[in-house]
Amino acid sequence: MKMIIAGGGTGGHLFPGIAVADEFLATNSENKVLFVGTERGIEARLLPKLGYELGVITGAGIKGRGTWGQFKSAMLLLNGYAQSRKILKEFQPDIVLGVGGYASAPLLLAARGMGIKKIFIHEQNAIPGLANKILSRFSQRIFISMAESAALFPEGRTLLTGNPIRKEILWRFQERQRKVGDEFRILVFGGSAGAHRINLTMLEALPHLAAVRDRLVITHQTGEKDCEEIRAGYQAQGVKANVAPFIEDMAAAYGAADLVICRAGATTIAEVTACGKGCIFIPYPYAADDHQRKNAEALVNKKAGFMILEEELNGEVLAGEILRLKANPEALAEVERNARSLAHLDAAQVIVTEMVRADL
Ligand SMILES: CC(=O)N[C@H]1[C@@H](OP(=O)(O)OP(=O)(O)OC[C@H]2O[C@@H](n3ccc(=O)[nH]c3=O)[C@H](O)[C@@H]2O)O[C@H](CO)[C@@H](O)[C@@H]1O
């Protein structure tokens, strides 16, 4: 069978798509996958390294733009629609899966226009974005990651699968064997692009952590822009830190961490629950419909994570939370257990099985 996976833009949309693609290819060596995304998205950088082909179309968001911006977006989407029809005609997919991001709407609309039956979407977040709400009207099935979003889609068509996790994280993740007296290891990362506010707040937190400075080992992903400044900031304050713009090996990074400080993007949430990590979530406050806060709250309400909102965030508050958890391994262990109990480790298999067997 042949499948097109449409979408991307950020890691949070692309990585679940890759997890589904890997699973689809593993189930039958004759299967073929084509990704469709935009030139500017993370897909253009990552997919070639993984050996996947990418069809490129134009696309853009509509929400939250002025009239001229909306007009330009509409033009890009129309162009993307025409390009999608061409790609669909050439590749002739049996299945089309939208994973969110700018390319997913034009491709799925074109697929519907061409009478393709097996059209599916996957929603990673607790609150769906505008595109997935529209696409859900004609998708055969809507795979959701969090029970909370079922009520926001057409009744009876959602399936709670969880958010597919890359196999290298599922297979290679190994919990560090902690010993009494070990250093306290913190992983800081801000979604696929890094988070400027988290970067700066970590540096502000360091003076408040002075008493335990020698007991900390920090791994900090900053995104491209802030890397040098943040690395210099740790050095100036004499704190051991491994600072990088992007972490390729997230399995190792999760495995080594006693505490994770991160945004609350949906794929981050899926991974930290799969790895059973205690996290302080700092949701990105400008995400559409404040969905990162909802993502984080879904865990916090089940005692499976901690949250600091940006409006309450400063170096002292963050340091206070780090010190509290460092001194209280039981609280951290309870959150780790609860987080693990929320994981959906078989999301990719469930989605592939459902798409292949859908009788249409
Ligand atoms: C600002 C914004 O609107 N972000 C959205 C975007 O986030 P974003 O793309 O940041 O997505 P997530 O936090 O969900 O996922 C980040 C992904 O990047 C990977 N990673 C991250 C850092 C690194 O150094 N190396 C690495 O591989 C993580 O392992 C994870 O797989 O898409 C998500 C999924 O729809 C949404 O929930 C987020 O709200």
Side-chain angles (χ1 to χ4, degrees), residues 7-20 37 40-43 45-46 49-50 61 63-64 98-104 121-132 143-146 148-149 162-170 172-173 187-199 219-224 226-227 230 242-255 257 260-275 277 279 281-299 305 310 347-348:
T10 66
H13 294 301
L14 180 69
F15 289 133
I18 293 176
V20 171
R40 281 180 301 131
I42 191 170
E43 57 273 22
R45 184 160 58 87
L46 287 186
K49 284 193 211 165
L50 299 172
K63 227 178 159 184
V99 291
Y102 296 156
S104 121
I121 54 174
H122 179 262
E123 173 57 60
Q124 294 93 30
N125 296 288
I127 303 188
L130 180 64
N132 267 359
F143 303 119
I144 58 173
S145 309
M146 300 191 196
E148 286 80 355
S149 60
N163 195 358
I165 298 165
R166 285 175 285 167
K167 63 179 184 316
E168 61 265 32
I169 292 182
L170 282 181
R172 293 206 12 253
F173 169 75
L187 167 65
V188 185
F189 76 102
S192 51
H196 183 62
R197 181 75 194 275
I198 295 181
N199 292 344
T219 298
H220 188 145
Q221 172 256 19
T222 56
E224 293 297 334
D226 290 353
C227 189
I230 300 301
N242 174 13
V243 181
F246 188 79
I247 300 170
E248 297 276 341
D249 190 350
M250 286 301 284
Y254 287 132
V260 179
I261 298 171
C262 56
R263 289 288 192 207
T267 302
T268 295
I269 300 244
E271 291 170 0
V272 297
T273 52
C275 299
K277 287 285 131 184
C279 295
F281 295 110
I282 305 173
Y284 176 61
Y286 309 106
D289 298 318
D290 209 5
H291 70 244
Q292 287 212 356
R293 180 175 174 165
K294 303 286 183 313
N295 289 347
E297 278 172 352
L299 268 71
E310 275 208 2

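Read the numbers this way: they start at 1 and go in the same order the structure lists the ligands and their atoms. Given the structure is predicted, the values throughout are model-derived calculations rather than measurements. What's counted below: heavy atoms across the whole structure, side chains too, no hydrogens, waters or symmetry copies.
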K.L.:
Give a yes-or-no answer on whether the side chains of Glu123 and Asn132 include a donor-acceptor pair shorter than 3.5 Å.
P.N.:
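Their side chains do contain a donor-acceptor pair, which is all the 3.5 Å distance test asks for.
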K.L.:
Please tell me whether Thr267 and Asn163 have a donor and an acceptor in their side chains that are separated by less than 3.5 angstrom.
P.N.:
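There is such a pair between these side chains.
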K.L.:
Within the protein, flag every N or O under 3.5 Å from an N or O of ligand 1, and note the pair and distance.
P.N.:
{"residue": "ligand 1", "atom": "9 (O)", "partner": "Thr10", "partner atom": "OG1", "Å": "3.0"}
{"residue": "ligand 1", "atom": "9 (O)", "partner": "Gly11", "partner atom": "N", "Å": "3.2"}
{"residue": "ligand 1", "atom": "9 (O)", "partner": "Gly12", "partner atom": "N", "Å": "2.8"}
{"residue": "ligand 1", "atom": "9 (O)", "partner": "Ser192", "partner atom": "OG", "Å": "2.7"}
{"residue": "ligand 1", "atom": "10 (O)", "partner": "Ser192", "partner atom": "N", "Å": "2.9"}
{"residue": "ligand 1", "atom": "10 (O)", "partner": "Ser192", "partner atom": "OG", "Å": "3.4"}
{"residue": "ligand 1", "atom": "11 (O)", "partner": "Gly12", "partner atom": "N", "Å": "3.3"}
{"residue": "ligand 1", "atom": "13 (O)", "partner": "Thr268", "partner atom": "OG1", "Å": "2.6"}
{"residue": "ligand 1", "atom": "14 (O)", "partner": "Ala266", "partner atom": "N", "Å": "3.2"}
{"residue": "ligand 1", "atom": "14 (O)", "partner": "Thr267", "partner atom": "N", "Å": "2.7"}
{"residue": "ligand 1", "atom": "14 (O)", "partner": "Thr268", "partner atom": "N", "Å": "3.4"}
{"residue": "ligand 1", "atom": "24 (O)", "partner": "Gln221", "partner atom": "NE2", "Å": "3.3"}
{"residue": "ligand 1", "atom": "24 (O)", "partner": "Ile247", "partner atom": "N", "Å": "2.6"}
{"residue": "ligand 1", "atom": "25 (N)", "partner": "Ile247", "partner atom": "O", "Å": "2.8"}
{"residue": "ligand 1", "atom": "27 (O)", "partner": "Arg166", "partner atom": "NH2", "Å": "3.4"}
{"residue": "ligand 1", "atom": "29 (O)", "partner": "Arg166", "partner atom": "NH2", "Å": "2.9"}
{"residue": "ligand 1", "atom": "29 (O)", "partner": "Glu271", "partner atom": "OE1", "Å": "2.6"}
{"residue": "ligand 1", "atom": "29 (O)", "partner": "Glu271", "partner atom": "OE2", "Å": "3.3"}
{"residue": "ligand 1", "atom": "31 (O)", "partner": "Arg166", "partner atom": "NH2", "Å": "3.3"}
{"residue": "ligand 1", "atom": "31 (O)", "partner": "Glu271", "partner atom": "OE1", "Å": "3.4"}
{"residue": "ligand 1", "atom": "31 (O)", "partner": "Glu271", "partner atom": "OE2", "Å": "2.6"}
{"residue": "ligand 1", "atom": "32 (O)", "partner": "Thr10", "partner atom": "OG1", "Å": "3.3"}
{"residue": "ligand 1", "atom": "35 (O)", "partner": "His13", "partner atom": "ND1", "Å": "3.4"}
{"residue": "ligand 1", "atom": "35 (O)", "partner": "Gln124", "partner atom": "OE1", "Å": "3.3"}
{"residue": "ligand 1", "atom": "35 (O)", "partner": "Asn125", "partner atom": "ND2", "Å": "3.0"}
{"residue": "ligand 1", "atom": "37 (O)", "partner": "Asn125", "partner atom": "OD1", "Å": "2.5"}
{"residue": "ligand 1", "atom": "37 (O)", "partner": "Ala266", "partner atom": "N", "Å": "2.8"}
{"residue": "ligand 1", "atom": "39 (O)", "partner": "His291", "partner atom": "NE2", "Å": "2.6"}
{"residue": "ligand 1", "atom": "39 (O)", "partner": "Gln292", "partner atom": "NE2", "Å": "2.7"}

K.L.:
State, without any angle test, whether His220 and Asn242 hold a side-chain donor-acceptor pair at a distance under 3.5 Å.
P.N.:
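Distance-only check fails for His220 and Asn242.
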K.L.:
So, Arg197 and Glu310, do they make that salt bridge, N to O below 4.0 Å?
P.N.:
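Yes, charged N to carboxylate O under 4.0 Å.
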K.L.:
Quick check: closest heavy atoms across Cys227 and Val243, and the distance to 0.1 Å?
P.N.:
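Closest approach of Cys227 to Val243: O-CG1, 3.9 Å.
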K.L.:
Taking atom types as modelled, is there a side-chain donor on His13 or Ser104 under 3.5 Å from an acceptor on the other?
P.N.:
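Not at all, the side chains of His13 and Ser104 share no donor-acceptor pair under 3.5 Å.
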